[in-house]
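The block underneath contains the structure these notes are about, expressed in structure tokens.
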Number of protein chains: 2
Amino acid sequence: MRIAVDAMGGDFAPRTVIEGALAAADRLSIGITLVGPSDLVEREVHSFKKVRHLNIEIADAPDVIAMGESSLALRRKPRSSIGVAADLVARGEAAAMVTAGNTGAAVLAARMALGMLPGVDRPALATTIPTLGGRAVLLDSGANLECRPSNLVQFAAMGAVYARAILGIGAPRVALLSIGEEETKGTELTREAHRLLKAEREDFVGNLEARDLFSGKADVIVCEGITGNIALKVGEGLVDAVEKLLHRELHRSWAGRLGLRLAVRAFRGFRRRVDYSEYGGAPLLGVSGLCIVGHGRSSAKAIGNAVAMAHRLASGDLIEALAHDLTPTQVG
Amino acid sequence: MRIAVDAMGGDFAPRTVIEGALAAADRLSIGITLVGPSDLVEREVHSFKKVRHLNIEIADAPDVIAMGESSLALRRKPRSSIGVAADLVARGEAAAMVTAGNTGAAVLAARMALGMLPGVDRPALATTIPTLGGRAVLLDSGANLECRPSNLVQFAAMGAVYARAILGIGAPRVALLSIGEEETKGTELTREAHRLLKAEREDFVGNLEARDLFSGKADVIVCEGITGNIALKVGEGLVDAVEKLLHRELHRSWAGRLGLRLAVRAFRGFRRRVDYSEYGGAPLLGVSGLCIVGHGRSSAKAIGNAVAMAHRLASGDLIEALAHDLTPTQVG
């Protein structure tokens with residue numbers, strides 16, 4: 001198996017991305033195609049030791065789309081690393097692509113190169129989150145900032161397939177992230193999406209309040225991309241803040257210092273469960289091929305885990321399962 | 001001073017609300033007008049001991065608007081507890097109102113009874129949040145689910161006044177909660193709001209990513225009500241989850257059990273800083289009078305703190321300061 005990695009994507013690219021990709025190639029014994037300006041990528045690869053035995057190829061992509069650029073930059077830069085990586089998947093030269101670059105550009109590149117699965121209008125980023133009971137999948141976590149109610153219904157269908165196939169949840173419960181549990185509460189979008197989900201899905205358990213996101217009351221949580229993205233990032237930021245404040249509080253007292261090492265060790269156990277770098281990235285569901293989008297701040301470890309996720313998803317039959325459950329004739 | 005308290009508002013009304021209001025009347029030596037069906041409220045009041053010396057009045061309001069009802073129920077129920085409480089403030093018979101009831105109905109009742117300050121189209125709930133550096137104010141945290149860019153500019157002006165007058169921050173930095181730091185990122189709403197804020201406010205420091213909400217990078221954080229509400233509730237839920245998981249992790253090992261009591265004590269210090277019940281509620285800024293909206297799950301302590309907040313704000317000249325800074329002639 002071969003995975004295409006956008007060597008230029010993310011805040012610490014190319015070095016950190018290449019480091020993580022090389023480590024994954026070694027650990028998983030898979031082929032990696034690094035996509036970026038070939039001179040630069042080649043130089044970086046050779047600065048690492050013990051790379052000769054690895055199955056590494058380089059695909060030249062002289063253009064780079066920066067994190068702050070509009071996704072439309074893809075049209076002006078047909079040979080961007082993100083676009084070339086998507087093309088490799090479309091041509092079957094890679095089983096999946098991984099990028100920690102510009103999310104908007106990744107979504108557009110994947111849509112253009114791979115096309116959409118039948119019955120899906122828009123793709124969604126599916127992020128696995130920890131809950132008190134285990135794990136859940138939140139989508140969309142940022143592929144589409146604004147959505148229509150019918151998009152959320154499609155996200156529910158894709159999320160349910162993902163929860164069964166990847167998270168191993170037999171009968172996933174689907175919920176809609178909203179401002180109150182009552183179906184009369186929320187925006188125009190959530191009220192109409194609630195109505196549609198209730199009518200179309202037996203596994204729909206209603207609205208989920210944001211305070212219950214990590215409670216384990218639902219296995220598949222659907223929302224508009226801006227909402228999902230903000231919910232996840234608030235969570236990330238708060239876990240950081242808790243860690244800092246816990247240190248500070250514990251340092252205040254002599255007794256605290258004694259307990260510090262024990263508490264920090266315990267907290268680390270929890271932190272691992274919310275740390276995106278453990279999951280590596282989120283698959284873009286709904287496109288006709290595998291695309292994993294990593295966090296912009298991905299470390300080498302996070303890139304390695306994103307490649308491992310790509311490998312795992314490509315080894316299964318996720319795309320086939322999605323296509324099977326989403327074909328319009330299945331609805332109703 | 002006299003504060004009107006909606007005795008029927010919140011998940012644990014009327015008993016818990018009345019308990020908190022009585023305690024605040026005692027502690028602060030102020031008058032409280034409890035608003036609700038008089039028979040019921042009177043019976044509850046007399047079930048508490050040592051109430052005779054307190055300055056308590058009851059304003060009869062036979063109707064109740066339930067948490068799940070549309071705010072339009074106010075029109076069908078002109079003598080609801082939430083509506084009568086707002087009328088008491090409008091008539092000058094109370095210096096402020098406090099409710100932990102239906103937020104939508106509270107916002108509508110306050111707008112109808114009190115009117116808006118000149119130059120403000122919509123009011124905003126201003127929630128104080130803890131940061132690594134101290135405190136910040138987030139608005140709107142749920143008064144308006146959907147907003148226009150110009151609303152966010154008015155929220156910025158109100159938030160800056162609030163941060164100076166109430167949080168004691170000399171030169172507050174104003175930021176816009178969005179999906180990325182770059183001004184090209186975000187929804188149509190946030191992009192246009194960014195443009196307006198940049199043009200109109202010298203204290204605008206740009207977009208704030210949700211992961212930096214608790215970082216202390218801004219003192220006034222503006223956003224649409226649905227976004228603010230979800231951001232805060234994710235925070236609440238995560239702090240709950242951290243506490244449960246910390247307990248669970250610590251119980252796993254013998255060494256953990258030893259450190260448990262120390263760590264939990266330390267965590268409580270942090271938790272107090274994010275616990276809404278410590279702040280009691282959020283003032284509804286932009287209406288021409290004081291209205292404090294508490295959390296639906298308010299405990300007696302939270303109600304007491306909301307009354308204390310009402311007392312503090314009514315003792316200052318917040319409304320005058322807002323009116324002064326917001327009059328349209330001041331702009332530009």
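Labels below follow one simple rule: chain letters A, B, ... track the order of the sequence lines, proteins then strands, and each chain is numbered from 1.
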Does any backbone or side-chain atom of A:Leu213 lie under 4.5 Å from a heavy atom of chain B? Answer side chain, backbone, both or neither. side chain
B:Glu209 vs A:Arg297, salt bridge (Lys or Arg N to Asp or Glu O under 4.0 Å): CA-CA, chis, key distance, verdict: CA-CA 13 Å; B:Glu209 276 200 80; A:Arg297 299 177 200 221; 3.4 Å; yes
Considering only heavy atoms from C-beta outward, does the side chain of B:Val234 approach that of A:Phe214 to under 4.5 Å? yes
Return the OG1 to CD1 distance between A:Thr190 and B:Ile226, rounded to the nearest 0.5 Å. 5.5 Å
If I take atom CG from residue A:Leu145 and atom CG from residue B:Leu189, how far apart are they, to the nearest 0.5 angstrom? 11.5 Å
To the nearest 0.5 Å, what is the distance between CD1 (A:Ile230) and CZ (B:Arg211)? 14.0 Å
Tell me, which pairs form a salt bridge (charged side-chain N to carboxylate O under 4.0 Å, His left out) where one or both residues lie in residues 123-133 of chain A, sequence neighbours left out? none
Mind checking what makes side chain to side chain contact (heavy atoms under 4.5 Å, CB included) contact with B:Lys77, not counting sequence neighbours? B:Asp63, B:Ile65, B:Glu69, B:Ser80
Region of A:Ser215 in contact with chain B, defined by heavy-atom distances below 4.5 Å: neither
I'd like to verify something: which residue of B:Gly216, B:Gly237, B:Ser178, B:Gly225 has the highest number of heavy-atom pairs under 4.5 Å with chain A? B:Gly237
Atom pair CG (A:Asp212) and NZ (B:Lys233), whose distance is rounded to the nearest 0.5 Å: 9.5 Å
Rounded to the nearest 0.5 Å, the CE atom of A:Met67 sits from the NZ atom of B:Lys185 at a distance of 6.5 Å
